[in-house]
Amino acid sequence: MMVEITINGKKVQVEEGTTILEAARANGVAIPTLCYHELLEPYGACRLCLVEVVKNGYRTLTTSCNYPITVPIEVETDTEKVRSSRKMVLELLLSRCDTSPKLNQLAAEYGIEKSPFELHYDDCILCGLCERVCREIVGANAITFAQRGTDRVVVPPFGEEAEACIGCGACAYVCPTNAIQIQENGEEKIIDRWSRVLKLRTCKECGMEFAPDFQLRFIQKKYDLPEDFFDLCRDCRAMKK
Ligand code: SF4
Ligand code: FES
């Protein structure tokens, strides 16, 4: 069923259940986000996507990434209140992580040179993108949220080596603050943040180490591929074709 809403004074039709963020972006209206990814369940953690909604005569400030549209509403994405609230969100996030290029770029767009809050440095802003991509897309469930309040962290279960981590790097790819660094030393792939060290598999043809053995076994099992499917590195496989 279609629902008619107004975004910044313009009437648009959207499918019932569409989020405000999706509706806005589909109609060329930009809303900044940090914890949102279109392939993942919205989580509503960063609060940067705030907008004002007028419903039944009441005006409220709400996150747009996890607000499904079910009835006609008016949405305003660029009011004074929206801008000052997003600015405050960015100042708080900057006080946690002032080294992230992405955060600094967003801060500059909101006229922030330096956070007015005291710096409590942590490179993770708890957006949860790494945990969701690992669970929802990769299916490895290697990391999880732990503890509450100011002690909240994303960690491997029991804070030990993330034994279910396959070393795919999806978490590092989606992380907005570059908090997850991946290194390779020729024999191993190392993800310090998850205390994970993965041995690389050796190509049966050229003898080069090419991908984490654990990751290849995970994919082979998941897609029921033949045992020898990943015996060769990409180059040797291409030569055989
Ligand atoms: S490590 Fe990165 S992706 Fe994961 S919660 Fe922290 S900021 Fe987000
Ligand atoms: S993008 Fe909506 S709360 Fe983070």
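Along the sequence shown, the residues carry numbers beginning at 1. What you see is a predicted model; the values in this text were computed from it and never measured.
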Q.
Less than 3.5 Å apart, any donor N or O on the side chain of Thr79 or Glu52 sitting next to an acceptor on the other?
A.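 Per modelled atom types, Thr79 and Glu52 side chains form a pair under 3.5 Å.
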Is the side chain of [X] donor-acceptor paired with the backbone N or O of [Y] at a distance under 3.5 Å, no angle test?
X	Y	answer
Thr6	Glu74	no
Thr19	Glu22	yes
Asn104	Asp98	yes
Asn56	Tyr58	no
Glu161	Val197	yes
Arg132	Gly128	yes

Side-chain contact, heavy-atom cut-off 4.5 Å: [X] with [Y]?
X	Y	answer
Glu76	Arg59	yes
Phe210	Leu216	yes
Gln183	Lys189	no
Lys204	Leu232	yes
Cys127	Pro176	yes
Cys130	Ile143	yes
Glu205	Lys240	yes
Leu200	Pro212	yes

Q | Pairs satisfying ring-ring contact (aromatic ring centres under 6.0 Å, His included), at least one member in residues 112-149, at least two apart | A |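 Qualifying pairs: Tyr43-Phe145.
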Using every non-hydrogen atom in the two residues, find where [X] and [Y] come nearest and quote the distance to one decimal.
X	Y	result
Thr144	Glu131	CA-CG, 4.0 Å
Ser64	Cys49	OG-O, 2.8 Å
Gly207	Thr202	O-CG2, 3.3 Å
Thr77	Arg86	O-NH2, 3.2 Å
Ala23	Asn27	O-ND2, 2.8 Å
Ala142	Ala162	O-CB, 3.7 Å

Q. In chain order, what residues pass the side chain to side chain contact (heavy atoms under 4.5 Å, CB included) check against Asn185, with sequence neighbours excluded?
A.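 Partners of Asn185 under the side chain to side chain contact (heavy atoms under 4.5 Å, CB included) test: Glu187, Glu188, Ile190.
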Q. Of all residues at least two apart in sequence or in a different chain, which pass the side chain to side chain contact (heavy atoms under 4.5 Å, CB included) check with Phe158?
A.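 If we apply the side chain to side chain contact (heavy atoms under 4.5 Å, CB included) test to Phe158, skipping adjacent residues, the hits are Glu160.
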Q: Applying side-chain hydrogen bond (donor to acceptor under 3.5 Å, both in side chains), run through Arg25 and Thr33 and close with a yes or a no.
A: CA-CA 11 Å; Arg25 288 188 171 174; Thr33 58; 3.2 Å; yes
Linked, directly or transitively: [X] and [Y] (ILVMFWY side chains, under 4.5 Å):
X	Y	result
Ile180	Val153	no
Val155	Val174	no
Ile182	Val138	no

(Q) One pair to check against side chain to side chain contact (heavy atoms under 4.5 Å, CB included): Cys124 and Cys97. What are the steps and the verdict? (A) CA-CA 7 Å; Cys124 171; Cys97 179; over 6 Å; no
Q.
Go through it in stages, so that I can follow the logic: the residues are Cys134 and Asn141, the test is side chain to side chain contact (heavy atoms under 4.5 Å, CB included), and I'd like the CA-CA distance, side-chain angles, deciding distance and then a yes or no.
A. CA-CA 6 Å; Cys134 184; Asn141 280 305; 5.6 Å; no
Q: Could you identify which residues cluster with Val82, counting Ile, Leu, Val, Met, Phe, Trp and Tyr as linked when any side-chain heavy atoms lie under 4.5 Å apart, either directly or through a chain of such contacts?
A: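 Its cluster partners, ordered by chain and number, are Leu34, Leu48, Leu50, Leu61, Val89, Leu90, Leu93, Leu94, Leu103, Leu106, Tyr110, Ile112, Ile125.
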Q) In the hydrophobic clustering (ILVMFWY, side-chain contacts below 4.5 Å, transitive), which residues join Ile7, or is it alone? A)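 Noted: Ile7 shares its cluster with Val3, Ile5, Val12, Val14, Ile20, Leu21, Val29, Ile31, Tyr36, Val51, Val53, Tyr67, Ile69, Val71, Ile73, Val75.
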Q) Considering the options Arg96, Arg193, Gln181, which one meets the side chain to side chain donor-acceptor pair (under 3.5 Å) requirement together with Asp123? A)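 The residue from Arg96, Arg193, Gln181 that satisfies side chain to side chain donor-acceptor pair (under 3.5 Å) with Asp123 turns out to be Arg193.
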For [X], does the [atom1] atom have more than 12 heavy-atom neighbours from other residues, nucleotides or ligands under 6.0 Å away?
X	atom1	answer
Arg47	CZ	no
Glu227	CD	no
Gln13	CD	yes

Nearest-0.5 Å distance, [atom1] of residue [X] to [atom2] of residue [Y]:
X	Y	atom1	atom2	result
Ile219	Cys168	CD1	SG	8.5 Å
Glu41	Arg135	CD	CZ	8.5 Å
Lys87	Leu92	NZ	CG	12.5 Å
Leu40	Glu38	CG	CD	8.5 Å

Q: Decide whether a cation-pi geometry holds between Arg217 and Phe230; the criteria are a distance under 6.0 Å from NZ or CZ to the six-membered ring centre and an angle within 45° of the ring axis.
A: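 Not satisfied by the 6.0 Å and 45° rule.
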(Q) Given the ring of Phe214, does Arg196 sit roughly above its face, with NZ or CZ under 6.0 Å from the centre of the six-membered ring and within 45° of the axis? (A)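 Verdict for Phe214: a cation-pi partner in Arg196.
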(Q) Glu209: which residues meet the salt bridge (Lys or Arg N to Asp or Glu O under 4.0 Å) condition with it, sequence neighbours left out? (A)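 Glu209 satisfies salt bridge (Lys or Arg N to Asp or Glu O under 4.0 Å) with no other residue.
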(Q) Please evaluate residues Met2 and Glu15 with respect to the criterion side chain to side chain contact (heavy atoms under 4.5 Å, CB included), reporting the C-alpha separation (whole Å), side-chain torsions for both, the decisive distance (0.1 Å), and the verdict. (A) CA-CA 5 Å; Met2 300 304 278; Glu15 188 80 44; 3.7 Å; yes
